[in-house]
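Here is how names work: the chains are called A, B, and so on, in the same order as the sequence lines, proteins then strands, and each is numbered from 1. Everything numeric here is computed off the predicted structure, so don't read it as measured data.
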Number of protein chains: 2
Amino acid sequence: MKNTKRAKLEAAGWAVGSVKKFLGLSEADEALINMKRGLSRSLRARRQQEGLSQVQLATRLRSSQSRVAKMEAGDPSVSMDLLVSSLLLLGATSADLAKAIRGGEKGKGRHAA
Amino acid sequence: MKNTKRAKLEAAGWAVGSVKKFLGLSEADEALINMKRGLSRSLRARRQQEGLSQVQLATRLRSSQSRVAKMEAGDPSVSMDLLVSSLLLLGATSADLAKAIRGGEKGKGRHAA
DNA sequence: TCATTCTATGTCATATGTGACATATCGTCA
DNA sequence: TGACGATATGTCACATATGACATAGAATGA
């Protein structure tokens with residue numbers, strides 16, 4: 001992910017209604033991270049449900065154990081594309097993904113609102 | 001995103017879903033592309049609803065007109081991350097995104113209401 | 001016609017993501 | 001204890017995505 005994003009935004013000044021817009025952008029960043037978290041959790045859950053090790057999953061995905069670990073850890077270097085396509089390869093439907101994305105909303109353990 | 005698969009995809013004309021197996025196109029690939037399509041459409045819809053030109057939107061996103069055009073065109077060079085974060089910046093909620101993703105599901109031919 | 005605005009498409013330098021590898025930690029079992 | 005399997009973390013070469021730019025097409029109005 002872009003760790004320069006915030007810096008760029010701050011440097012930009014953000015002409016119109018700056019403070020409000022800035023907060024909005026911050027929230028957007030947070031939302032994206034939460035969505036990824038939901039996908040990460042879903043990936044780990046599916047893997048474990050299938051009784052696969054990270055190595056086994058990596059083989060299925062034609063990736064590596066370390067990348068699987070990073071996917072599940074929500075590492076910033078992992079794209080949403082990778083998470084989504086991995087979940088799809090594990091048999092998730094787009095409805096499942098939609099759910100995972102919404103499920104990643106806030107803190108874990110919260111009942112859905 | 002593997003360019004080889006994309007090339008195959010596009011070379012096929014990407015018409016109907018019957019030849020995909022021969023081209024090595026998995027269900028997962030198809031699903032991912034459909035999800036992106038849903039996001040692309042949603043982005044365009046939101047932009048137009050706000051009465052923004054691509055240039056104006058690009059400015060808001062701190063991107064360029066050409067990239068916005070590519071996002072909306074579903075260009076293979078556009079990542080899901082970019083689509084999602086752009087939509088979030090336009091004020092979409094994760095529920096909206098979940099919907100867009102599921103909306104990108106099936107036949108695009110349907111001139112939906 | 002020309003001029004303007006909006007959008008599409010191609011290219012490129014550079015930023016970012018990815019798979020692979022090494023290595024560390026942790027738990028389990030003999 | 002040592003060995004093994006599973007997971008985490010750091011690094012790197014290479015692949016891919018991104019913003020910026022140029023340019024073209026399409027639509028509108030003078």
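With sequence neighbours left out, the side chain to side chain contact (heavy atoms under 4.5 Å, CB included) criterion links B/Q65 to B/Q54, B/V55, B/A69. When the side chain to side chain donor-acceptor pair (under 3.5 Å) test is applied to B/S66, the partners found at least two apart in sequence or on another chain are B/S64. Evaluation of the side chain to side chain contact (heavy atoms under 4.5 Å, CB included) rule for A/S86 yields A/L43, A/L61, A/M71, A/L82 as partners, not counting sequence neighbours.
We find that CZ of A/R62 is positioned 10 Å from P of C/dA20, with the value rounded to whole Å. When rounded to the nearest whole Å, the span between CE of B/M71 and C1' of D/dA20 equals 13 Å. A straight line from CG of A/L83 to P of C/dG19 spans 11 Å, rounded to a whole angstrom. Here C/dC6 presents its P atom at 7 Å from CD of B/Q56, a figure rounded to the nearest Å. Put simply, CG on A/L43 is 12 Å from P on D/dA8, counting in whole angstrom units. Between A/L82 atom CG and C/dT16 atom P there is a gap of 18 Å when expressed in whole angstrom units.
A/L32 approaches A/M80 most closely through the heavy-atom pair CD1-SD, 4.0 Å.
Between the side chain of A/D96 and the main chain of A/T93, a donor-acceptor pair closer than 3.5 Å is present.
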Quick test: give all pairs of protein nitrogen or oxygen and nucleotides 7-13 of chain C nitrogen or oxygen below 3.5 Å, distance rounded to 0.1 Å.
unit_1, atom_1, unit_2, atom_2, d
C/dT7, OP1, B/R47, NH1, 3.0
C/dT7, OP1, B/R47, NH2, 3.4
C/dT7, OP2, B/Q54, N, 2.7
C/dA8, OP1, B/R44, NH2, 3.0
C/dA8, OP2, B/R44, NH2, 3.1
C/dA8, OP2, B/Q54, NE2, 2.7
C/dA8, N7, B/Q65, NE2, 2.9
C/dA8, N6, B/Q65, OE1, 3.0
C/dG10, N7, B/K70, NZ, 3.3
C/dG10, O6, B/K70, NZ, 3.2
C/dT11, O4, B/K70, NZ, 3.0

Nucleotides 24-30 of chain C: which of its N/O atoms have a protein N/O under 3.5 Å away?
none

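Screening residues 51-69 of chain A for salt bridge (Lys or Arg N to Asp or Glu O under 4.0 Å) gives A/E50-A/R60 as the qualifying pairs, with residues at least two apart or on separate chains.
Close to D/dG19, at under 4.0 Å from its OP1 or OP2, lies a side-chain N or O of B/S63.
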